[in-house]
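Here is the structure we will look at, set down as structure tokens.
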Amino acid sequence: MASSSGDTRDIVNPYDQSVVRTVDEGNEADARAAVAAARTAFDEGEWSAWTPRERSELLHRVAEHLQRDRDMIARLETLDTGKTLVEGGIDVDDVTAVFHYYADLAGTESGRTVETGDPRVRSRVVHEPVGVCTMITPWNYPLLQASWKVAPALAAGNTMVLKPSELTPLSALRMVELIEEAGVPEGVVNLVLGAGATAGAPLVDSPDVDLVSFTGGLETGRSLMRTAAGTVKNIALELGGKNPNIVFADADLDAAVDYALMAAFLHAGQVCSAGTRLIVEDTVHDEFVGELVARTERIRLGNGLDPDTESGPLVSAEHLAKVESYVRLGSEEGATLVAGGRRPDDPALRDGFFYRPTVFDDCTGDMRLVQEETFGPILTVERFSDEDRAVEIGNDTEYGLAGAVWTRDTARAERVARRLRHGTVWINDFGTYLPQAEWGGFKRSGIGRELGHDGLAEYRQTKHIYENTAPVPQRWFAR
Ligand code: NAD
């Protein structure tokens, strides 16, 4: 949607600060117009008469278009976020799978008949779309996070306003174009670009919005929840994480080191489920951390478009400054810096927002570095000597998004997995998610679930229809 003010914003490549594209900068009026369009499309448009099968076919077409344009979209994601092209391509494939998955679910029957024992009564529970949905998404996985909301919301028959992060709007913009190309009626999917306070806030306080689905930081989530309370709307929150990665001495240590690196440093650690808290059994600590540090020092930073690059830059100068301040804090708090802790020396990376992958050893749960989400390439290492203590450390966080346990003892793996208070737990793995399996946070990592059946249920509301097929006067009053 074009900006009514004519304002624009330069979208900057974090690799070298070049301008990738200039986009419209939406404001409050644009946001309110988008909500009005979504409201009209829901209340009066043809969309509400579409059958689940028609919606399903639409979603399959979107998925096909995503694959058709895979390389172009992956490249956009790389230019916009700095992630590697390989990661950008994986994101497009994952998003395609999400659209196919919800296309298949859209057509499935979700209501039920209630048996009352009374032959005169027909009681049914049916599911209907919630209505107008606001979707606000972050900059780290722009396309992926938007699709986890848009695909189920369309499958359920809602209309929507999507506001991607002002830092990385390009892939969402392309996705909305593909949905239009696939034949969605006008007004069903509306895009607002711009800053949170100006273009995002009106999408949350509007009485015409029925649901707000937000992915982003804890503080923003808190504030949105307060605002949404004013009009008592449904709210779904996917917030931050401080995710434990627990390694027992009997684990396959070679694989565990490899995954620990990926968990902490993929996409420069700008991953909500990043394994930023490594918790290692005492007896293998030195060997494990030694290998980890050696491999951390060898990680190749660079342009995401370069096939040799293993990790790109941070998203912005502001975010780089935040990461640097956490490194200073770690040293002040008494953690031992054993890798990184600085910007790269390579002059070719001078104009980018790069930071070397960083490891702090000798960390403890009372450190802010260990408790707060740095959202950068910083890994903290803690030690444990028995299973209870490992679980205690793993749960010692206000967040509860994800965690992992590494061990060859299957009974212990199961015990620890069940005791960790996190929405996803991996056993001898890290970071894998499936469109079919629910994703979301315990504790302050959020409310509600995305993906899986629950991810569709977020966008449906339940109605009970009770029919009395043979009404007789009750004579309760005025007998
Ligand atoms: P953020 O909270 O700063 O911004 C997220 C979005 O909210 C952006 O689109 C922003 O413009 C918008 N926004 C900001 N203020 C607003 C307001 N007052 N009203 C309406 N909208 C507003 O988060 P970020 O820095 O973009 O993303 C990083 C955060 O996202 C991290 O905390 C990360 O853990 C979290 N995240 C969580 C998940 C998950 O699945 N749980 C996934 C990805 C990212």
Side-chain angles (χ1 to χ4, degrees), residues 9 14 25-28 31 34-35 80-81 83 91 94 98 134-149 161-169 171-172 191-206 209 212-228 230 233 235-243 266-276 314-316 318-320 322-323 372-376 397-402 422-424 431 433 437-452 455 458:
R9 176 189 291 265
E25 174 75 0
N27 56 23
E28 181 179 344
V35 170
D80 211 352
T81 64
K83 68 174 64 178
D91 286 359
D94 287 356
V98 168
T134 281
M135 298 158 175
I136 298 179
T137 52
W139 47 258
N140 60 334
Y141 283 86
L143 183 70
L144 196 86
Q145 298 301 341
S147 78
W148 290 12
K149 301 179 192 306
V161 181
L162 169 65
K163 196 208 80 65
S165 167
E166 58 274 33
L167 297 178
T168 57
S171 57
L191 185 71
V192 173
L193 303 182
T198 45
L203 304 176
V204 180
D205 72 15
S206 167
V209 169
V212 173
S213 177
F214 169 78
T215 303
L218 174 58
E219 278 318 312
T220 318
R222 268 200 185 106
S223 129
L224 262 55
M225 198 169 171
R226 271 189 227 106
T227 307
K233 45 175 67 86
I235 186 145
L237 302 173
E238 293 286 345
L239 307 178
K242 194 72 193 183
N243 313 291
L266 187 83
H267 194 17
Q270 303 167 114
V271 181
C272 54
S273 53
T276 50
L314 296 163
V315 75
S316 65
E318 191 188 8
H319 191 45
L320 173 60
K322 176 180 156 182
V323 167
E372 296 176 16
E373 188 187 48
T374 66
F375 220 56
T397 162
E398 65 177 332
Y399 292 109
L401 189 59
H422 294 266
T424 296
Y433 68 88
E438 280 71 6
W439 174 266
F442 282 31
K443 300 196 272 182
R444 281 187 265 297
S445 286
I447 298 174
R449 289 292 179 271
E450 297 197 302
L451 302 181
E458 292 282 356

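Atoms within each ligand, like the ligands themselves, are counted from 1 in listed order.
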Are a donor atom and an acceptor atom from the side chains of K233 and T134 found within less than 3.5 Å of each other?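 There is no such pair (donor and acceptor under 3.5 Å, judged by atom type) between the side chains of K233 and T134.
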Is it the case that the side chains of K149 and S213 hold a donor-acceptor pair, with the cut-off being a distance below 3.5 Å and no angle test?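 Indeed, the side chains of S213 and K149 share at least one donor-acceptor pair under 3.5 Å.
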[X] vs [Y] side-chain heavy atoms within contact, under 4.5 Å:
X	Y	result
E373	L218	no
W139	P14	no
W439	T424	yes

Subset of ligand 1 atoms that lie under 4.0 Å from at least one heavy atom of [X]:
X	value
L401	41 (N)
G217	1 (P), 2 (O), 23 (O), 29 (C), 30 (O), 32 (O)
E238	37 (C), 39 (C), 40 (O), 41 (N)
G200	19 (N), 20 (C), 21 (N)
N140	43 (C), 44 (C)

Would you mind checking which non-hydrogen protein atom is closest to [atom], with the distance to 0.1 Å?
atom	value
atom 28 (C) of ligand 1	F375 CE2, 3.6 Å
atom 42 (C) of ligand 1	C272 SG, 3.0 Å
atom 27 (O) of ligand 1	P138 CB, 3.2 Å
atom 8 (C) of ligand 1	T137 O, 3.4 Å
atom 22 (C) of ligand 1	G196 CA, 3.4 Å
atom 10 (C) of ligand 1	E166 OE1, 3.7 Å
atom 12 (C) of ligand 1	I136 CG2, 3.5 Å
atom 35 (C) of ligand 1	G216 O, 3.2 Å

Quick check for you: to the nearest 0.5 Å, what is the distance between L239 atom CG and R444 atom CZ?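 Going from the CG atom of L239 to the CZ atom of R444 covers 10.5 Å.
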Please report the interatomic distance OG(S147) to CG(D91), rounded to the nearest 0.5 Å.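 The OG atom of S147 sits 9.0 Å away from the CG atom of D91.
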Do you know the tightest heavy-atom contact between [X] and [Y]?
X	Y	value
A195	R9	CB-NH2, 3.8 Å
L203	K163	CD1-CB, 3.8 Å
G194	E166	O-CB, 3.5 Å
L451	A437	CB-O, 3.4 Å
P138	S165	C-CB, 3.6 Å
Q270	Y141	O-CE1, 4.1 Å

May I ask which of [options] has a heavy atom nearer to [atom] than the others do?
atom	options	value
atom 19 (N) of ligand 1	L224, V204, T134, N243	L224
atom 26 (O) of ligand 1	W148, W139, Y433	W139
atom 34 (O) of ligand 1	E450, E318, Q145, E373	E373
atom 1 (P) of ligand 1	V315, T215, T198, T220	T220

Does Y141 approach ligand 1 within less than 4.0 angstrom via side chain, backbone, both or neither, non-hydrogen atoms only?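 No part of Y141 is near ligand 1 at this cut-off.
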Side chain, backbone, both or neither: P164 near ligand 1, heavy atoms under 4.0 Å: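 P164 to ligand 1: backbone contact only, side chain stays beyond 4.0 Å.
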Below 4.0 Å from ligand 1: does a non-hydrogen atom of A201 turn up there or not?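 Per 4.0 Å heavy-atom rule, A201 contacts ligand 1.
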Below 4.0 Å from any atom of ligand 1, is there a heavy atom belonging to S165?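 Contact present.
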Ligand 1 N/O within reach of K163 N/O, cut-off under 3.5 Å: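 So ligand 1 has an N or O lying under 3.5 Å from an N or O of K163.
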Polar atom proximity, L239 to ligand 1 (N or O, under 3.5 Å):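 Yes, there is a polar N/O contact under 3.5 Å.
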Under 4.0 Å and counting heavy atoms only, is there anything from the protein next to atom 4 (O) of ligand 1?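 False for atom 4 (O) of ligand 1.
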By ring pair (Phe, Tyr, Trp, His ring centres under 6.0 Å) - contacts of Y433 (at least two apart):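 Counting only residues at least two positions away or on another chain, Y433 forms a ring pair (Phe, Tyr, Trp, His ring centres under 6.0 Å) with W148.
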